[in-house]
Number of protein chains: 4
Amino acid sequence: MISARLGDRRNHWVLTLVCTDRPGIVHAVSGAIVAADGNITESQQFASADTGRFFMRLQIESSADRADFEAQLAPVAAELGLDWHLDEVGRPVRTLVLASTAGHCVNDLLYRRHAGQLNVDIPLVLSNHGTLRDLVDFYGVPFESLAVTDPASKAAFEARILAAVEEHDIELVVLARYMQILSPELCEALAGRAINIHHSFLPGFKGANPYRQAHARGVKLIGATAHFVTSDLDEGPIIEQNVVRVDHANAVSELVAIGQDEESRTLRQAVKWFADRRVLLDGARTIIFR
Amino acid sequence: MISARLGDRRNHWVLTLVCTDRPGIVHAVSGAIVAADGNITESQQFASADTGRFFMRLQIESSADRADFEAQLAPVAAELGLDWHLDEVGRPVRTLVLASTAGHCVNDLLYRRHAGQLNVDIPLVLSNHGTLRDLVDFYGVPFESLAVTDPASKAAFEARILAAVEEHDIELVVLARYMQILSPELCEALAGRAINIHHSFLPGFKGANPYRQAHARGVKLIGATAHFVTSDLDEGPIIEQNVVRVDHANAVSELVAIGQDEESRTLRQAVKWFADRRVLLDGARTIIFR
Amino acid sequence: MISARLGDRRNHWVLTLVCTDRPGIVHAVSGAIVAADGNITESQQFASADTGRFFMRLQIESSADRADFEAQLAPVAAELGLDWHLDEVGRPVRTLVLASTAGHCVNDLLYRRHAGQLNVDIPLVLSNHGTLRDLVDFYGVPFESLAVTDPASKAAFEARILAAVEEHDIELVVLARYMQILSPELCEALAGRAINIHHSFLPGFKGANPYRQAHARGVKLIGATAHFVTSDLDEGPIIEQNVVRVDHANAVSELVAIGQDEESRTLRQAVKWFADRRVLLDGARTIIFR
Amino acid sequence: MISARLGDRRNHWVLTLVCTDRPGIVHAVSGAIVAADGNITESQQFASADTGRFFMRLQIESSADRADFEAQLAPVAAELGLDWHLDEVGRPVRTLVLASTAGHCVNDLLYRRHAGQLNVDIPLVLSNHGTLRDLVDFYGVPFESLAVTDPASKAAFEARILAAVEEHDIELVVLARYMQILSPELCEALAGRAINIHHSFLPGFKGANPYRQAHARGVKLIGATAHFVTSDLDEGPIIEQNVVRVDHANAVSELVAIGQDEESRTLRQAVKWFADRRVLLDGARTIIFR
């Protein structure tokens, strides 16, 4: 039921859960929701034939507060062995943005957060260059730059990332065309909460200079891929991909310009879905409850 | 749970339901499913803010036969005031195809049914021209043609449609570029079970010669729209739409050729969704559980 | 020949021309180009079957200066009755931006000009609201706002537009979600050099509130249309259109948010083509030499 | 000029040419066309910065017959070192189709040729299976099958291909999901005139089972690539590519079904462009004059 009853103060919850697939999950979970005076306003589920796991995302209106709701869910979760997460719909996700010199992705994320289209708080943009300071300043977001020129400065940069994650209670790290490879240790520390944008339609054209590769190969579509960061470079679980048509007349520099729009919108979409708790991991693949 | 238990003979059901939105629907319905030894393998729902109605589509594996399943659902349906439909997943929908001279949509539907990509049985193709006889014969489908040249022959054609619907227990009538306007009485008789393909991106370019209109107006995209037939011409609830890019150099004849692909794939998609029970009506709009 | 000869100082020209179609045009024009020591690096042509006119766009490298080049072209132009325009490739087009409160199109245009992706100079953004002052300030562009509340203030606003066009030698006026209807006199004065973005896939959903209309009609794609401004509202020659898929679950407010991206990229594309002299008028239609 | 003069019998020619880029090419070629009483109705050109070569495609109406036209072109061709080809617009290209068991591409090609949308004559479909005999028969095209089970039968099949090419004066060989790898010798013999459809968005997912690879990798778009056949498997010059969106819920079998539409339309498009003389080779890349 969409509209709240008069006199009620309704909370709006998003519940995500994963468990081994078996019959009766929906009935058990929906029972707990009814017991918490909840009404399901959105529901999506998926049973993975690859891994035998069951995934569900629910949006629920309820007069119950968090403690009451969790009390109803706890016994069901224990019985079914649920891995679950309860959050308020629309709560901004605390997000650290990493950047280098290219501004298109950073501009897009900041503009959309500003326009109220992206459920994120960005307490800090951290860059290995000073190039984007004015842009970030304009949106009133703190900006810090630390040069990365050698192993020591790289280690210092990564230490600063981890300190910022701690300090700001960061839930999501976004590599918005940050052009340094993260160390395996940092990848591990940020597993499942760091998203990168790669400027090609993976798995084609991994590594550096994908637009140059695309030109040499004469492809007719170029694209962008947003994926979780793993230590296996350009191989993390894919969240979103887009492509755009190009032709023989496009020089490499034009492919770069054309591709930047796809990068911006692909990264933005991945961040939006993550912030709305629509992205779940199923081994090397993602479940996207659009 | 996707895989059946050993020793069970599992049925695979698709259940669609509509009712006034209220809390507890999912719990009540999933309770009946558990009682029928059912496991939900696919589930989609939508609460319409426009009409206050709740829509749901479920796929369920169960060892119960139809009578047992319906016995479990009946009291829930009565309590919630459900308008519901239970069917076997993959049961071919009995479909009457109406055609004129253009073969692209008929060829596409017959080829795909033949290739096992479309859950329909087509006991008859009925046309006001003989043009497509060989094509339809090739696919082993009965073909009948009756000229429509005046009000009397038009009434005879419509009478033949209704007789064929009766005779073959038709569940879906597809107007595959059938170029006659159906009478209001026939529209009424086939309400919610007749799909037309219109060769434009509605609501632009209603009526005849949409490609000529599109050329004159200089649009940069042309499209096709599959919609339920109503007596309000070209205004029935839209099921699917697609567009394709064109430019100033395309003559009207080229727009026609380019547009035919969009017509074929748009109509085929709408028929596929209807046959898979993924199309529900919400007033003048459709709910598509893709 | 793409590369310049050593020792030459090469100019890069863009030549557009329109005339009555007849044989020998290409040979005559290319003769003048050879005589001006020119090399054609890009060439597109179109003969309109609707109007019998011939359209051509050429990019030419030449050591000749403007006077020499024009001297070679003049006799050919006189003989063929050419309506022609010679310009430097990449010369920024002087552009006046009109806005109201919505910032997405203005932000997109300013960001891309700033990023070097749009060949325009923007000496002024003129708005009937003060909302976008900070955004425009950030990009270092002068901003002026004048309230429009009655016929007198509307006339004053239009007078300010015309004065700004004069003062800044404006070649293009962009209505970047400017929400006032221009008077017929102003439309006439700016004929062929004012571009509007309409938030629907024209000719569907003309007039106000197109997203509300789109929701009510249940369309499966929504779009945006960039067109030249004429006094016949929403009927001017179309330059570019894009669409994006939506579904039954999207509320009107979501359609608005989703549609804004299409508006931004559609308007930006139209402005880019205009600035690159790729848009020619053929009656009520446009020729786009992409 | 589009319309012919009264009393003339006009021929419609397509001229394609390649040479080293230098100034004056357009003027020289258009001079020969004027001398042959020709009028250019379509013209496209491209100078490749990668290889320094100039490419052009022209459509010309002329009262001259082939001998006269060629006589005018010959001295210009000699002077500029043109590699050129003159043909009648719309002359069907003699095409040999190779197939295995999958019918979607063959059906699409035959249906479109039949509907007059594809400028090809198909004197023979040659398959290593008998599966498609009825389908091919229906379209009145000769069909031959030869099993390929070992090196000897494979060599026999390839010998039959070459014999058929000779016998039917074949200009284009289409591998319409022909599932055998051609020998290097055959690739060499058919260089520049054999087109294959690969069921992935190359360069991702080369080799066998691309849909299985796509599922395992969790990509969000799958695609198809039409390319010239070379002995370097799946690496030949790309002619056309398309993609379609998929999601986590699509099993491998569904990816196959979804992908087949992209394969059909991608191959058909490549064949259409080739038959219309719109595909030119520039090293490892193609120039497509759409």
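Just so we're clear, the structure is a prediction, and the values are computed from it rather than from any experiment. Side chains are part of it too, since the values below use all heavy atoms of this structure and drop only hydrogens, waters and symmetry mates.
- Across B/Gly204 and C/Pro203, no two heavy atoms sit closer than the pair CA-CG, 4.1 Å.
- Distance check, rounded to the nearest 0.5 Å: CG of B/Leu221 to CD1 of C/Ile238 gives 9.0 Å.
- With a 4.5 angstrom heavy-atom cutoff, C/Ala216 touches chain B only via backbone atoms.
- Highest contact tally toward chain B, considering only C/Pro237, C/Ala249, C/Ala214, is held by C/Ala249 [criterion: heavy-atom pairs under 4.5 Å].
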Every donor-acceptor pair from chain C to chain B under 3.5 Å, please, each on its own line.
unit_1, atom_1, unit_2, atom_2, d
C/Asp50, OD1, B/His215, NE2, 3.4
C/Asp50, OD2, B/His215, NE2, 2.7
C/His215, O, B/Arg285, NE, 2.6
C/His215, ND1, B/Arg285, NH2, 3.3
C/His215, NE2, B/Asp50, OD1, 3.4
C/His215, NE2, B/Asp50, OD2, 2.7
C/Arg217, NE, B/Glu235, OE1, 3.2
C/Arg217, NH1, B/Gly236, O, 3.4
C/Arg217, NH2, B/Asp234, O, 2.9
C/Lys220, N, B/Gln241, OE1, 2.9
C/Lys220, NZ, B/Thr286, O, 3.2
C/Lys220, NZ, B/Thr286, OG1, 3.0
C/Asp234, O, B/Arg217, NH2, 2.9
C/Glu235, OE1, B/Arg217, NE, 3.2
C/Gly236, O, B/Arg217, NH1, 3.4
C/Glu240, OE1, B/Arg245, NH1, 2.9
C/Glu240, OE2, B/Arg245, NH1, 3.2
C/Gln241, O, B/Arg245, NH2, 3.1
C/Gln241, OE1, B/Lys220, N, 3.0
C/Asn242, OD1, B/Arg245, NH2, 2.9
C/Arg245, NH1, B/Glu240, OE1, 2.9
C/Arg245, NH1, B/Glu240, OE2, 3.2
C/Arg245, NH2, B/Gln241, O, 3.1
C/Arg245, NH2, B/Asn242, OD1, 2.9
C/His248, ND1, B/Ile288, N, 3.2
C/Arg285, NE, B/His215, O, 2.6
C/Arg285, NH2, B/His215, ND1, 3.3
C/Thr286, O, B/Lys220, NZ, 3.3
C/Thr286, OG1, B/Lys220, NZ, 2.9
C/Ile288, N, B/His248, ND1, 3.2

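- Legend: residues meeting ring pair (Phe, Tyr, Trp, His ring centres under 6.0 Å) with B/Phe54, ordered by chain and number and at least two apart, are absent.
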